[in-house]
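Heads up: the structure comes next, in structure tokens.
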Amino acid sequence: MFATLSDRLTSTFKNLRAKGRLSEADIDATIREIRRALLDADVAVPVVRQFTGAVRERALSAEVSGALNPAQQVVKIVNEELVAILGGQTRTLAFAKQPPTVIMLAGLQGAGKTTLAGKLALWLREQGHTPLLVAADLQRPNAVTQLQVVGERAGVPVYAPHPGNQGADDVLPSGADPVAVARAGLETARQKQYSVVVVDTAGRLGVDAELMAQATDIRDAVDPDEVLFVVDAMIGQDAVTTAQAFADGVGFTGVVLSKLDGDARGGAALSIASVTGRPIMFASTGEKLTDFEVFHPDRMASRILDMGDVLTLIEQAEKSFDTEQAEKMAGKLASGEDFTLEDFLVQMQQLKNMGSIKKMFGMLPGMGQMREALENFDEREVDRIEAIIRSMTPGERQNPKIINGSRRSRIARGSGTTTSEINQLLERFDGARKMMRQMAKGGGMPGGMPGMGNLPGMGGKKSRGRQAPPAKRAKGARSGNPARRAEQERAAAARAAGEAPAAPAGSAFGLGGQPAADASGTLDPSDLPAGLGDLFKGR
């Protein structure tokens, strides 16, 4: 959603970094570009005025003039001010001391409240809570049925004593009482000892007195611990207006941004926290029930400035990756066993469990420059790789060298692909295996990445022409770097003693730690795990 804003800000800072010292004119020009970028992104004018004023005041202070790298100091200031307008600190749910905790969802019709109720319930269940969904939206046609379907997919029970509106008109059926349903749902939760109650309420196409009255009555009936205002992040400045109307009429404790995966300008998301004074607590980032995350202002600011969001990426990996399998892979590399296609398949499956590959790559620092390549990437590539490997015999997976022409034809027929695709996969796998061997020997990752050659800024003839040629060194020659030379001597001593080199701490890729970014926020391609690059076909 923030792609255009991110590109504009990144371009502005790139021009700034070319200057050793910053004059007042340089800072004013930078502020003008930031102001234009924010206004074009549909950020509210008062928020833009407040933001640029704070950035300019700090940029003209001794904080920047006395810095060793003034340009980077300005980027740091912009990042901190972005965090401030996004809410400052991460705000989590306030749970009741005496269960059940009551969470009421409010917002306009079409904002995605019902789907978000299921996402929130699934997230709560994964956190160890026992949620109950209450269908208090009896006005929108088939809203109760939709909540029941969503609840079943999330594995969460739904309290729905009334079927709601089954017709085509958006009217409240005769005898339907949303307030009574909400009150009865809370009582049911107390009796059956559910720890959290999520109340889905009705919305309108616009703010009106009837909507506010019903929302207020439900709030008074269940006395919620949290009232979450669900807002469509794609509707622009109207989102801010609606949020302010709900804050004045009903009151809410937090905001949930839905449809954050859309291609709208997204400025409303940057404005709501500042305008209403209420924190953004959650974000819905896709159509699946798992596309739901806690909103971290600092991480979102980093994404907007193309500095990545490695912490969220690590959290997703920890949830998806099998620790036992990762340790097994690290042990296998340590013992000198070769990396096989079976191992490669396991990595691809674990990568698939993390969700969208595009979203995952988008969380890496400096990937904004590769946005076009990421957009063109086919998510089904993992499925094709899996189909190809599963069409091989166990012997072929263990030893790909035995795959001759006739075997390739058979594998292509079995996987529904072509022999050229088989050849490309085997070439990329061979590069990944060489990389794993290098890492197992303690030499770190080689400079290139298999399969990444044709992506912008990651190889290819043009980028190779911009790089300094690697220095040639005789085989076995000692490094001139004292630290590197000491490392070589320790490795040589270990080999002489017959000891196996220590394996890197295991992740699913056999790598320890997290990717490192340089001071400009751009990720070094050589720090990426081997399996990630192999998803991209060389075209």
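Computed from a prediction, not measured in an experiment: that's the story for all the values here. For this chain, numbers begin at 1 and follow the sequence in order. Only this structure's heavy atoms are used, side chains among them; waters, hydrogens and symmetry mates stay out.
- The salt bridge (Lys or Arg N to Asp or Glu O under 4.0 Å) contacts involving residues 178-188 comprise Glu187-Arg190, where partners must be two or more places apart or lie in separate chains.
- The two atoms that bring Val179 and Ala221 nearest to each other are CG1-CB, 3.7 Å, heavy atoms only.
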Let me see the working for Leu132 and Lys192 under side-chain contact (heavy atoms from CB on, under 4.5 Å), right down to the final yes or no.
-> CA-CA 10 Å; Leu132 173 69; Lys192 297 187 177 181; over 6 Å; no

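- Looking at Val78 and Ile34, their side chains come closer than 4.5 Å, going by heavy atoms from C-beta outward.
- Thr201 contributes no side-chain N or O that, together with a main-chain N or O of Asp137, makes up a donor-acceptor pair within less than 3.5 Å.
- Not a single salt bridge (charged side-chain N to carboxylate O under 4.0 Å, His left out) links Asp177 to another residue, sequence neighbours left out.
- The shortest side-chain heavy-atom distance between Thr242 and Val231 does not fall under the 4.5 Å cut-off.
- Pairs of residues two or more places apart, or lying in two chains, never qualify as salt bridge (Lys or Arg N to Asp or Glu O under 4.0 Å) while including a residue from residues 102-115.
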Take Val181 and Leu138, measure what side-chain contact (heavy atoms from CB on, under 4.5 Å) needs, and give me the verdict at the end.
-> CA-CA 9 Å; Val181 169; Leu138 308 181; 4.0 Å; yes

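- Heavy atoms only, all atoms of each residue included: Ala182 and Ala136 are closest at CB-CB, 4.5 Å.
- For the atom pair CD1 of Ile85 and CD1 of Ile272, the computed distance is 12.0 Å after rounding to the nearest 0.5 Å.
- Using a 4.0 Å cut-off between charged side-chain N and carboxylate O, Glu293 and Lys119 make no salt bridge.
- Here the side chains of Val294 and Phe282 are in contact, with some heavy-atom distance below 4.5 Å.
- Partners of Asp298 according to the salt bridge (charged side-chain N to carboxylate O under 4.0 Å, His left out) rule, which considers only residues two or more places apart in sequence or in another chain, do not exist here.
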Donor-acceptor pairs under 3.5 Å, side chain of residues 143-163 to any protein atom, not counting sequence neighbours: which ones?
| residue | atom | partner | partner atom | Å |
| --- | --- | --- | --- | --- |
| Gln146 | OE1 | Arg140 | NH1 | 3.1 |
| Gln146 | OE1 | Arg140 | NH2 | 2.8 |
| His162 | ND1 | Gly164 | N | 2.9 |

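- For the pair Arg49 (side chain) and Val47 (backbone), a donor-acceptor distance under 3.5 Å is absent.
- For the pair Glu81/Phe51, a side-chain contact is recorded, criterion being any heavy-atom separation below 4.5 Å from C-beta on.
- Residues that satisfy the side chain to side chain contact (heavy atoms under 4.5 Å, CB included) test with Asp28, not counting sequence neighbours, are Glu24, Arg32, Arg56.
- Contact of the Val134 side chain with the Leu186 side chain is not registered, since no non-hydrogen atoms from C-beta on lie closer than 4.5 Å.
- Remark: Arg35 engages no residue in a side-chain hydrogen bond (donor to acceptor under 3.5 Å, both in side chains) (not counting sequence neighbours).
- Atom OG1 of Thr52 is separated from atom CD1 of Ile31 by 6.5 Å, given to the nearest 0.5 angstrom.
- Distance alone, capped at 3.5 Å, places no donor-acceptor pair between the Thr276 side chain and the Gln244 backbone.
- Closest non-hydrogen pair, Val250 versus Ala215, comes out as CG2-CB, 3.8 Å.
- For the ring-ring contact (aromatic ring centres under 6.0 Å, His included) test, no residue two or more places apart in sequence or in another chain qualifies with Tyr194.
- Residues meeting the salt bridge (charged side-chain N to carboxylate O under 4.0 Å, His left out) test with Arg36, sequence neighbours left out: Glu33.
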Trace of the side-chain contact (heavy atoms from CB on, under 4.5 Å) decision for Phe292 with Leu120 = CA-CA 8 Å; Phe292 179 79; Leu120 177 60; 3.9 Å; yes

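- The shortest distance between side-chain heavy atoms of Gln139 and Gln214 falls below 4.5 Å.
- For the salt bridge (charged side-chain N to carboxylate O under 4.0 Å, His left out) test, no residue two or more places apart in sequence or in another chain qualifies with Asp217.
- Between Phe229 and Phe252, the ring planes are parallel. Angles under 30° get that label, and only those over 60° would be called perpendicular.
- A donor-acceptor contact under 3.5 angstrom links the side chains of Thr114 and Asp200, judged on distance only.
- Considering only residues two or more places apart in sequence or on other chains, Ala245 meets the side chain to side chain contact (heavy atoms under 4.5 Å, CB included) condition with Val207, Met212.
- Of the possible polar contacts, none joining the Arg219 side chain to the Pro224 backbone as a donor-acceptor pair under 3.5 Å is found.
- For the residue pair Thr130 and Ser195, the shortest heavy atom distance occurs at N-OG, 2.8 Å.
- No side-chain heavy atom of Lys259 sits less than 4.5 Å from a side-chain heavy atom of Ser284.
- Expressed to the nearest 0.5 Å, how far CG of Asp225 lies from CG of Leu93 amounts to 9.5 Å.
- Side chain of Ser271 to backbone of Ala44: a donor-acceptor contact under 3.5 angstrom is found.
- Residues Met281 and Val255 are not in side-chain contact: their nearest non-hydrogen atoms beyond the backbone lie 4.5 Å or more apart.
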Distance-only donor-acceptor hits, side chain of residues 94-111, under 3.5 Å, sequence neighbours excluded:
| residue | atom | partner | partner atom | Å |
| --- | --- | --- | --- | --- |
| Thr101 | OG1 | Ala96 | N | 2.8 |

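- Residue Gln89 places its CD atom among 12 or fewer non-hydrogen atoms of other residues, nucleotides or ligands, all under 6.0 Å distant.
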Given side-chain contact (heavy atoms from CB on, under 4.5 Å), test Phe295 with Leu86 step by step and report yes or no.
-> CA-CA 9 Å; Phe295 188 87; Leu86 286 171; 4.0 Å; yes

